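Everything numeric here is computed off the predicted structure, so don't read it as measured data. Residue numbering restarts at 1 for every chain, and letters A, B, ... go by the order of the sequence lines.
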Amino acid sequence: MDDIKVNQNPKLGSLDRPNSYIGRSLPRENAKKHLDGGGQFVDDLTLPRMVHVAFLRSPFAHAEIKSINTNNAKKSDGVVDVFTAKEIDEVCKPWIGNLGHLGEMRSPEQTPLAKKIARWQGEPVAVVIADSRAQAEDALELIEVDWAEKEAQVDMETALDSNAVVIHLELGNNLFWTRTVNQGDVEKAFKEADAVVETTLDFARHTGVTLESRGIVADWNKAENKMTIYHNGQAPHMMQHIIAKHLDLNEGLVRIVSRDVGGSFGIKVHVYPDEMAVTAISKKIGRPVKFIADRLESFTTDIHARCHKISGKLGVDKNGKILAMEIDDLSGIGPFSMYPRTSAIETNQVLNLSGAPYVIPNYKAVGTVVFQNKTPMCQYRAVGHPIAVAITEALIDKAAYKIDMDIDKIRKINFIPDNAYPNKCPSGVPLEDLSHEASMDKLLEIMDIKEIEVQKEEDFKKGVLTGHGVISMCEVTNPSPLFYGVGGAHISSQDGAAIRLEGSGAIHLSSSITEQGQGTEAIMKQIAADQLGVKMESVRVTLGDTDATPYGGGTWASRGAGIGGEAVLKAARKLKDNILNIAAAIMQTDKDTLDIEDNNIIRKNGGEGISLQKLAETVYYRGHELPKGTNAELLATASFLIEGIPFVFTNSAMGCQVSIDQDTGIIKINKFWAVEDCGTQINPKLVEEQIRGGVIQGIGGALFEECVYDDQGNMQNATMADYLVPMAYEMPDIIVDHVTTNSGRSIIGAKGAGEAGTGGAPAVIMNAVNNALKQVNAEVVSQPITPEKILKAIGKI
Amino acid sequence: MKAADFSYHEVVNLQDAIKIKAQDDEAVILAGGQSLLPALNMRLSSPTCLIDISKISGLNEIKIDGQTLFIGALATHSDVMNNKTVKDNMPCMIDILKMVAHPAIRNKGTHGGSIAYGDPAAELPALAVATNAEIIVSGQNGERSINAKEFYLGLFETAINQDEIVVGIKYPLLKQGQKIVFDEVCRRHGDYAMAGLIANIMGSKNDIKDLKLVFFATGDKPDVADKTARLYLDNGYDYDKLKNSLSSEIDFAGDLNSSSEMKLHLATVLIKKVLSKLEN
């Protein structure tokens, strides 16, 4: 790192010392590698004797496979073999995407390739193995399938009707999961309320659109009985367990390597049928097998998210105090619940998180999750948050309008006060260390809401509809074992770090947290260097290799900094302690008089010290010089997990201002503000990247992104030209600010910061749009808010 | 997403290209490849033969030719946008090209390719029709010139013969008092429009002597709306009347981002938006 600019005159206490890297916006070294084109992604890997696969995918949303003839395909140039479910099932056992801790889930067995019936357009049915992907695709065209197309259950809203098409006959209907939360007495409270408001919101399906598509190379080594998987996933140890379990392998002999990963957003934390098939093929044919999803496959087989219709009702007294909230959420998840995390979690989070920032004494929430013939749906960035936040904040704005109260005031009088934590969500989920009051105050300060209101009136006179909104939200981060593990999933909630001083004086750190482009490696380095007292450039980091890193969960649910970072901090402190003990022995002084600064052991009271390199040389090469019995351990390990609560929550307040062209229905986000309280920021620049990136994905959900299906269940826009993600021109100025309330669960005090933008932006944009539309007595209730929806709402078409 | 096999001919002169194209009914011209290559990779199209004309020299010339601005078929959008002759003689073309996709695509995509492909949502075919441009094609029987309005026959269908290749476009130079004004409505910057309008105007804001309206992303080809233009000249901007007129004159075809009803509405308001850009 030759570009680090460390403030020479740091003012803050914790930053006021050498090697104080925690809290600094340092550039991340691996960005340079990627700009250089030097990353190592799965598709960069070529192994000797490697073959490629292409999947024949169901062209129908629902169809019986009466027969498959692969004879001609097998004769095609370069083809090694063609498999159907029969061959794959010989080596890979089916799975079931249900967990035990959230009540009955009803997803049936799923196999890598569809047997007898295909249940979504894109479901893999057969696979060609060939010398090149192009040859495999050529042969796909020669596979003859006798399809009998069946009526598809596309619409989630009719999925439970008596005349619905039942997707899994053995279940009798299309219900996957349902949950009811009931706190207090909502009926009574609504009767006592001075004003009751209601709304129903629709959220279209969208997806994660990672820059690098899903990819895997599976390499079965028969001689060693070892399976090596190069995979661009988020949870290597989870995959290690799953692959061993379903392919009947010794788990210790399954190695998962996840080097550079080009974005994940929760898309790459699930078990995909095609990837399991690839692993099975390698086992079967004894050769390395590569599969890289193309963009068409990404759109029809990467998990989708959202797809909710939610009704809500809020009762307030005449002073604006919330008395009760009730929601009823319906979600469609495709034909299977994803394995192993299940597709119940998004709805579960909607129920958990609605109303979370506020005191709501009476709360009722019903969630219903149904099967349908569309691409499977599961957890994507900010799981459930956009729905929970949008329904809560839409209802609060409505209540404010109804009793004629300012939108910021109604929130402030209902917040759980900052000094009232620990506390609970209306749903009963525990909360601690949050700051809605301080965050909203800061937001209003940076937004200058008075000026915005003046401008709104002036714009209206000119025929421009301008509106604004503010919201508050809770963000689920740093999950504990109560998230998945308790339900029977082998997903580690504990993470580990191992840190060592090497003979050269270099520090090597390995962590079970993974890097998907967000800068994990950089913050791990910052923590280690900061805690040890060494220069950043002397720390080398290894991530994403189950043979080389400690065991742990990986990176998802914004857990890297708060859980993995704490493990690194603890390991670094242990190593420092060991080093100082050894140094005390060498320097014949009391350990407490020593410290480490800039890779040197110094005497706090002055006098000559020794370098870490010298110390390491003594330990490794001239150990006989050490006093007998010295504990010369230069490798330290530590683990960390969140205990006692399900999640460490972060909170955020957001505001935005939009203008609407009444002729075209085009919405322009003029400005966006976000105040985040994620506790300690290890690298503020990376936190802001997380928030801005999250907001952009939230803008996608609010205004652009939608997996469009026709009524037969065919996805209509599975290309980057037709599926609209926000691009540079669609990105407004995003002003980010912070309130800092450290998590009391760890020394480092960091909470997650990856979800808020995506979770909150859809709500605040919708509120701002409706604030603008209110001037012409119109409203939109469906996302993405397209120009056509705006024009319909204002009666132009 | 790998293209099916095809034969590939890299030609260095026009005659070779014409010869191969004449011999093979399925031969397709490859210039910038910005529309063709994605279609091949998605196997939406599987021609047996590609003729790569990008190495033919001289086909990217931009010059004044008599009373016209000539743009060679192989000039990329970026070439055109950065060309002084274009800037001096038809600056509106630069503004229009800024709405064509993004720089990476404009660096490869060619002027002739866009004209020949004839995407009904693309800007350049509509510009050619609005300006009464001539499309110069070359074939076994030599060169001929086709008026842009006659060039576009239907959805991706043009008057070009199998043995012919677009070699350039001749845009008549603007006369004194003549202006080309345009606007379009897109979901995102650089996307194909939900509706777009190029107006060819003679006169000034308060004294329009002649008006030609050409819409794109509305129907199956650039849509000329002469009756509606006449109505505007007679009555000024009357939303309902113009909308009625447009609905009788253009067969609006909805797409993923806008229904036919939406397109009709946008086309109508585009008349106001475009003409309000005129200066007095």
_For A:Ala73, give me all partners under side chain to side chain contact (heavy atoms under 4.5 Å, CB included), at least two apart in sequence or on another chain._
A:Val82, A:Ala139, A:Leu142, A:Ile143
*Can you say whether A:Ala728 sits under 4.5 Å from chain B via the side chain, the backbone, both, or neither, judging by heavy atoms?*
neither
*Given a strict heavy-atom distance threshold of 4.5 Å, which part of A:Ile666 is in contact with chain B: side chain, backbone, both, or neither?*
side chain
*What part of A:Leu791 lies closer than 4.5 angstrom to a heavy atom of chain B: side chain, backbone, both or neither?*
side chain
Donor and acceptor N/O pairs, chain A versus chain B, under 3.5 angstrom:
unit_1: A:Glu137; atom_1: OE1; unit_2: B:Met1; atom_2: N; d: 3.2
unit_1: A:Glu137; atom_1: OE1; unit_2: B:Lys2; atom_2: N; d: 2.8
unit_1: A:Glu137; atom_1: OE2; unit_2: B:Met1; atom_2: N; d: 2.5
unit_1: A:Glu137; atom_1: OE2; unit_2: B:Lys2; atom_2: N; d: 3.3
unit_1: A:Asp138; atom_1: OD1; unit_2: B:Arg43; atom_2: NH1; d: 3.1
unit_1: A:Asp138; atom_1: OD1; unit_2: B:Arg43; atom_2: NH2; d: 2.8
unit_1: A:Glu141; atom_1: OE2; unit_2: B:Arg43; atom_2: NH1; d: 2.8
unit_1: A:Asp294; atom_1: OD2; unit_2: B:Met1; atom_2: N; d: 2.7
unit_1: A:Asp661; atom_1: OD2; unit_2: B:Lys273; atom_2: NZ; d: 2.8
unit_1: A:Asp663; atom_1: O; unit_2: B:His265; atom_2: NE2; d: 2.6
unit_1: A:Asp663; atom_1: OD1; unit_2: B:Lys272; atom_2: NZ; d: 3.4
unit_1: A:Asp663; atom_1: OD2; unit_2: B:Lys272; atom_2: NZ; d: 3.0
unit_1: A:Leu703; atom_1: O; unit_2: B:Arg187; atom_2: NH2; d: 2.9
unit_1: A:Val725; atom_1: O; unit_2: B:Arg188; atom_2: NH1; d: 2.6
unit_1: A:Glu730; atom_1: OE2; unit_2: B:His189; atom_2: N; d: 2.8
unit_1: A:Glu788; atom_1: OE1; unit_2: B:Ser259; atom_2: N; d: 3.0
unit_1: A:Glu788; atom_1: OE2; unit_2: B:Ser259; atom_2: OG; d: 2.5

_Interchain contact, A:Leu703 with chain B, by part (heavy-atom threshold 4.5 Å)_ = backbone
